[in-house]
> 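Handing you a structure now.
Residue numbering restarts at 1 for every chain, and letters A, B, ... go by the order of the sequence lines.
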Amino acid sequence: MHIHTPHQALRNAIQKAVHETFGIFSASFVVEHPADLTHGDYASNIALTIAKEVGKAPRMIAEELKAKLDDSLDMVSSIEVAGAGFLNFRLARSYFADVVSSITVAPHAWGSSTHFEGEKVLLEYTSPNLIKPLHVGNLVGNIIGESLARLYSFAGARVVRMNYPSDIGPTVAKGVWALKEHGLDVQDIHAVGKAYVLGNAAYEDGSAKDAIDAVNRALYEKSDTELVALHEAALRTTIDAMNELCAQLGTTFDGVIYESEAGPRGRDTVRSHIADGIFEESNGAVIYRGEKVDLHTRVFINAQGLPTYEAKDIGNLSIKHEQHPDWTRMLIVTGGEQREYFKVMFAAAREVFAEAKERMMAHIPTGFLTLTTGKMSSRLGNVLTADEVLGDLRAAAKERAAETRAHDVDELADMIAIAALKYQILRQAIGSDIIFDKERALSFEGASGPYLQYTHARIGSLAEKALAAGMSPEVAVTPADPYEIERILYRFPEVVHEATVAHEPHHLVTYLTELAGSFNSFYAHERIADATDPYAPYKLQLANAVKVTIANGMYLLGTTAPEKM
RNA sequence: GCUUCCAUAGUUCAAUGGAUAGAACAGGGGACUUCUAAGCCCUUGAUCGUGGUUCGAUUCCACGUGGGAGCACCA
C-alpha cells in the first residue's frame with residue numbers, strides 16, 4: 001500500500017481552478033505546509049501571485065477559488081481564506097488514518113521511495129590522513145557521508161561507499177621520519193600520532209625539512225627498505241584503528257582506494273594530456289591553468305615529478321570509473337576548505353574524462369568542528385581524538401544506561417553515545433562550522449539523539465503494556481479530529497526526500513525532533529493504553545506508527561533506536 | 001589584493017520569497033497517589049548596517065561592517 005501525499009493533487013486542482021475561473025494558464029505559486037499548524041495542513045499563495053494580473057484583491061480571488069474548489073477534493077475536509085489571501089487546506093480525517101494504517105502494514109518501507117532508482121551513486125567519505133589517529137573533526141565527514149549513503153539507498157539508488165585514505169605524501173613522510181628518528185613504537189596508535197606532531201614541528205622549524213623531503217621521495221620510489229617497512233607498519237596500525245572506529249560508527253566501506261594507488265595512475269593520466277593542452281609545464285611542474293574557466297592555477301605534478309593531491313584525485317576518479325563505469329553520481333565529502341580546490345580539480349577532470357561531462361560530480365563540503373573549549377590543531381597535538389570523545393560519551397551513557405530496563409547495558413550505552421554524537425553533528429546544515437559542546441553532548445537532554453531514542457523506547461514499553469492488558473492496536477475507530485501528531489507524521493517521506501536531494505540530513509533531524517516533541521506532548525496529555533477508551537486501539541496504532549518513523553529516521557541518520565531504555 | 005563561505009535570543013542551532021521568526025540549553029515559574037521525569041506545561045529574550053527588487057525579504061541584489069577558508073609544487 002502506497003500513500004500518495006495530497007501535494008500534487010492540490011497543485012493540479014488549483015491550476016485547473018485558476019484556469020477555469022480567471023483564464024490563466026501558467027500561474028506561479030506554491031503549495032506548502034504552513035509554518036503554523038493552526039493554519040491548516042497545506043496552504044497556497046495562489047491568490048497573491050495572480051492578484052495583479054487578475055486586477056482584484058487577493059482575498060476576493062481566494063474566495064472565488066475556494067468556492068470553485070470546495071467539495072472537489074477527496075482528501076481535503078475544509079478550505080479557508082486567511083491572512084493576506086492565503087488558501088488554507090485541512091486534510092480529511094480518513095487520510096491520516098490511512099497513513100497510520102499503511103505505516104504499520106509495511107514499516108520498513110515507510111519513507112522509502114524509488115526517486116533514484118536506476119542511479120548508481122559513488123559516495124566517498126571519511127578519507128583520513130593515515131599517520132595520525134582520527135580526531136573529532138574526521139568524524140564529521142564520516143557521519144555526514146554515512147547518512148547520505150543511507151538516504152540515497154532508501155530512495156532506490158545503488159550506493160557504493162568508498163574511502164580514499166591518504167597513505168603517502170609529505171604529511172605521511174613527517175610521521176615516518178619521526179618514527180625512525182625517535183624510535184617510537186609503530187604498533188601504538190598514540191605513538192604514531194605523536195610522531196606526526198614531532199615530524200611536523202621539525203619540518204616547520206627547518207631542522208629536518210630536507211630529511212623529510214628525502215623520506216617522502218624514498219617512500220614514493222620505495223628505495224629504502226627500512227623506511228618502507230616502517231611506513232607499512234605505521235599504515236597497518238592506523239588502518240586498523242580507522243576500521244575499528246568506522247565499525248563502531250556503523251560504516252562498512254564497499255571499496256577503498258589508497259592515494260598510493262591513485263598517484264601513479266593520476267600522474268600518467270595528467271602527463272598524457274599535456275600534448276593536447278589540457279595541462280601544461282611550468283617551472284618544472286605540470287599545472288592546470290584554472291584561469292581559462294575563471295578559476296586559479298594549480299600544480300598537478302610537482303617539480304620533483306611527484307603527483308600532488310590534484311593528480312592523485314584524477315587517478316582516483318579514473319580508478320573509480322574503471323571499477324564502476326555505470327556510475328551516475330560521484331560525490332566526495334570533505335572539508336569546506338577544499339571548496340575552491342575541487343572546482344579546479346573537477347574542471348580539469350571534465351576536460352580529461354569525456355564520460356564525466358554529463359554526470360553529476362560534486363564536492364560536499366563539511367564545516368570545521370571546533371570545541372567550545374578552544375581551537376584544535378593536529379599539528380600542535382592538542383586535538384580531541386575520536387576515541388576520546390566516544391569514550392567520554394560512552395562512559396556518561398553507561399552511567400545512565402545502568403538505571404534503565406535494558407538487558408545489555410554496554411550495548412545501550414554504545415547506542416546512546418553514537419546517537420548523541422551524530423545528532424550533534426547532523427542537526428545543522430552541513431558546510432557550516434560546528435561548535436562541538438562536549439558538555440551539551442554528554443547531557444542527553446532536550447533536543448538530542450537520546451531524546452529521540454527515549455521516545456522510541458517509551459512507545460515500545462507502552463505497546464508491551466497494552467499487549468499484556470489484552471488490547472490490540474487497530475485503525476477501525478478514530479476520533480473525529482486528527483491529533484497534532486498525525487498532522488506531522490504523514491510528512492516523513494517528504495522530509496526524507498528533501499534531505500536526500502538537498503544533501504541535508506539536518507532537515508530530518510529537525511523533523512524527528514519535532515515529531516518526538518509532539519508525541520511526548522500527546523503522551524503527557526492523553527491516556528493511550530486505557531482499556532476503557534474506545535479510541536485506545538487507534539492511539540496505540542498511532543503510537544506504533546510514530547515509533548516506526550523514529551526508527552526509520554534514526555536509521556537514516558546512521559543511528560539506532562533501542563526497544564528498552 | 002583576488003576568490004569563496006558566513007553573520008538570527010545570553011549560548012548552540014532552525015525557518016523550498018509568505019501569515020505572529022521556531023526549538024534546545026541557560027534564566028524565572030509550575031503540574032504529577034495515573035502508560036518511563038533522558039519527559040510535560042507556562043515564561044523572559046533575536047534577524048549586523050544602509051539602500052534596492054517584490055503584494056510580501058532572515059531568505060534575492062548592491063554597497064558597507066565584522067569573521068572563517070582558499071589562492072604554485074600540503075591534503
> B:rG18, B:rA69, B:rA19: which one has an atom nearest the side-chain heavy atoms of A:N88?
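For A:N88, the side-chain atoms sit closest to B:rA19.
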
> Using a heavy-atom distance cut-off of less than 4.0 Å, which residues of residues 305-316 of chain A contact RNA chain B?
A:T308, A:Y309, A:K312

> Assign a letter to each nucleotide of nucleotides 20-33 of chain B from its 5' end: B, base within under 4.0 Å of a protein heavy atom; S, sugar-phosphate only; -, no contact.
----SS--------

> With a 4.0 Å cutoff (strictly under), does any side-chain N or O of A:K465 reach OP1 or OP2 of B:rU36?
yes

> For residues 27-38 of chain A, which residue pairs qualify under salt bridge (charged side-chain N to carboxylate O under 4.0 Å, His left out), counting only residues two or more places apart or in two chains?
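Listed once each, the pairs would be none.
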
> Sugar-phosphate means primed atoms, P, OP1 and OP2; the rest is base. With that split, encode nucleotides 3-10 of chain B 5' to 3' as B, S or - using protein heavy atoms under 4.0 Å.
SSS-----

> Are a donor atom and an acceptor atom from the side chains of A:Y341 and A:D313 found within less than 3.5 Å of each other?
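There is such a pair (donor and acceptor under 3.5 Å, judged by atom type) between the side chains of A:Y341 and A:D313.
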
> Name every residue in residues 524-537 of chain A that has at least one heavy atom under 4.0 Å from any atom of RNA chain B, in order of residue number, or write none if there are no such residues.
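Correct list: A:A524, A:H525, A:E526, A:R527, A:I528, A:A529.
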
> For a quick test of reading the model: is some side-chain N or O of A:S521 closer than 4.0 Å to OP1 or OP2 of B:rC41?
yes

> By a 5.5 angstrom centroid cut-off and a 30 degree plane limit, is there stacking between A:F86 and B:rA19?
yes

> Which residues satisfy the side-chain contact (heavy atoms from CB on, under 4.5 Å) test with A:E63, sequence neighbours excluded?
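With sequence neighbours excluded, A:E63 shows a side-chain contact (heavy atoms from CB on, under 4.5 Å) to A:K66, A:V81, given in chain and number order.
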
> Is the count of non-hydrogen atoms from other residues, nucleotides or ligands lying under 6.0 Å from A:E399 atom CD greater than 12?
no

> Could you tell me which residues satisfy side-chain hydrogen bond (donor to acceptor under 3.5 Å, both in side chains) with A:N544, sequence neighbours excluded, listed by chain and number?
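So A:N544 forms a side-chain hydrogen bond (donor to acceptor under 3.5 Å, both in side chains) with A:Q541.
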
> NA contact type, A:T171, heavy-atom cut-off 4.0 Å: base, sugar-phosphate, or nothing?
sugar-phosphate

> Cation-pi check, A:R491 to A:Y511: give yes when NZ or CZ is under 6.0 Å from the six-membered ring centre and within 45° of the ring axis, no otherwise.
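Output no; distance or angle outside limits.
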
> Between A:T455 and A:N520, is any side-chain donor less than 3.5 angstrom from a side-chain acceptor?
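Yes, a side-chain donor-acceptor pair sits under 3.5 Å.
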
> Assess the residue pair A:E124 and A:N316 against the criterion (side chain to side chain donor-acceptor pair (under 3.5 Å)); give the C-alpha distance rounded to whole Å, side-chain angles, the decisive distance to 0.1 Å, and a yes or no.
CA-CA 11 Å; A:E124 177 185 305; A:N316 179 23; 2.9 Å; yes

> Using Watson-Crick and G-U wobble pairs whose two distances are both under 3.5 Å, how do you write the pairing of RNA chain B as dot-bracket, with | for links to another strand?
(((((((..((((....[...)))).((((.........))))....(((((..]....))))))))))))....

> Measure from OH on A:Y203 to C1' on B:rC74 and round the result to the nearest Å.
8 Å

> Would A:Y220 and A:Q304 count as a side chain to side chain donor-acceptor pair (under 3.5 Å) here? Give the steps.
CA-CA 11 Å; A:Y220 270 110; A:Q304 295 177 44; over 6 Å; no

> Determine the Euclidean distance between corresponding C1' atoms of B:rA23 and B:rU43; express it in Å to zero decimal places.
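That atom pair is separated by 15 Å.
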
> My understanding is that only residues two or more places apart in sequence, or in another chain, count here; which of them pass ring pair (Phe, Tyr, Trp, His ring centres under 6.0 Å) with A:H506?
none

> Checking side-chain polar atoms at under 3.5 Å, does A:D213 have a donor or acceptor matched by the opposite partner on A:Y203?
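Judged by distance alone, the side chains do pair up.
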
> Among B:rA19, B:rA75, B:rA14, which nucleotide sits nearest the side chain of A:A43?
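From the listed options, B:rA19 comes nearest.
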
> What pairs meet the side chain to side chain donor-acceptor pair (under 3.5 Å) rule with one or both residues in residues 435-445 of chain A, with sequence neighbours excluded?
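Only A:D392-A:K438 qualify under side chain to side chain donor-acceptor pair (under 3.5 Å).
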
> Please identify each residue that fulfils ring pair (Phe, Tyr, Trp, His ring centres under 6.0 Å) with A:H363, with sequence neighbours left out.
A:F342

> Any N or O donor-acceptor pair linking the side chain of A:D433 to the base of B:rG68 at under 3.5 Å?
no

> Regarding A:T126 and A:N163, is there a side-chain donor-to-acceptor distance under 3.5 Å anywhere?
no

> Restricting to ring pair (Phe, Tyr, Trp, His ring centres under 6.0 Å), what partner residues turn up for A:H525, sequence neighbours left out?
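Once residues adjacent in sequence are excluded, A:H525 has no partner under the ring pair (Phe, Tyr, Trp, His ring centres under 6.0 Å) criterion.
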
> Establish, yes or no, whether the cationic atom of A:R11 lies under 6.0 Å from the six-membered ring centre of A:F29 and within 45° of the ring axis.
yes

> Could you check A:G336 against A:Y454 and say which one's nearest nucleotide on RNA chain B is further toward the 5' end?
A:Y454

> Pick base, sugar-phosphate or nothing for A:N129, based on heavy-atom distances below 4.0 Å to the nucleic acid.
sugar-phosphate

> Consider the side chain of A:Q338, meaning its heavy atoms from C-beta on, and name the nucleotide among B:rA75, B:rC40, B:rA38 that approaches it most closely.
B:rA75

> B:rA38 base to A:T455 side chain: any donor-acceptor pair below 3.5 Å?
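It does not, because no donor-acceptor pair links the side chain of A:T455 to the base of B:rA38 below 3.5 Å.
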
> Heavy-atom nearest nucleotide on RNA chain B for A:K174 versus A:I435: which residue maps closer to 5'?
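Comparing both residues, the 5'-ward one is A:I435.
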
> Could you tell me how far apart A:L130 (CG) and B:rA75 (P) are, to the nearest whole angstrom?
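It works out to 13 Å between those atoms.
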
> Thinking salt bridges, do A:D533 and A:R527 make one under a 4.0 Å N-O criterion?
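Looking at A:R527 together with A:D533, the answer is no, because their closest N to O distance does not fall below 4.0 Å.
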
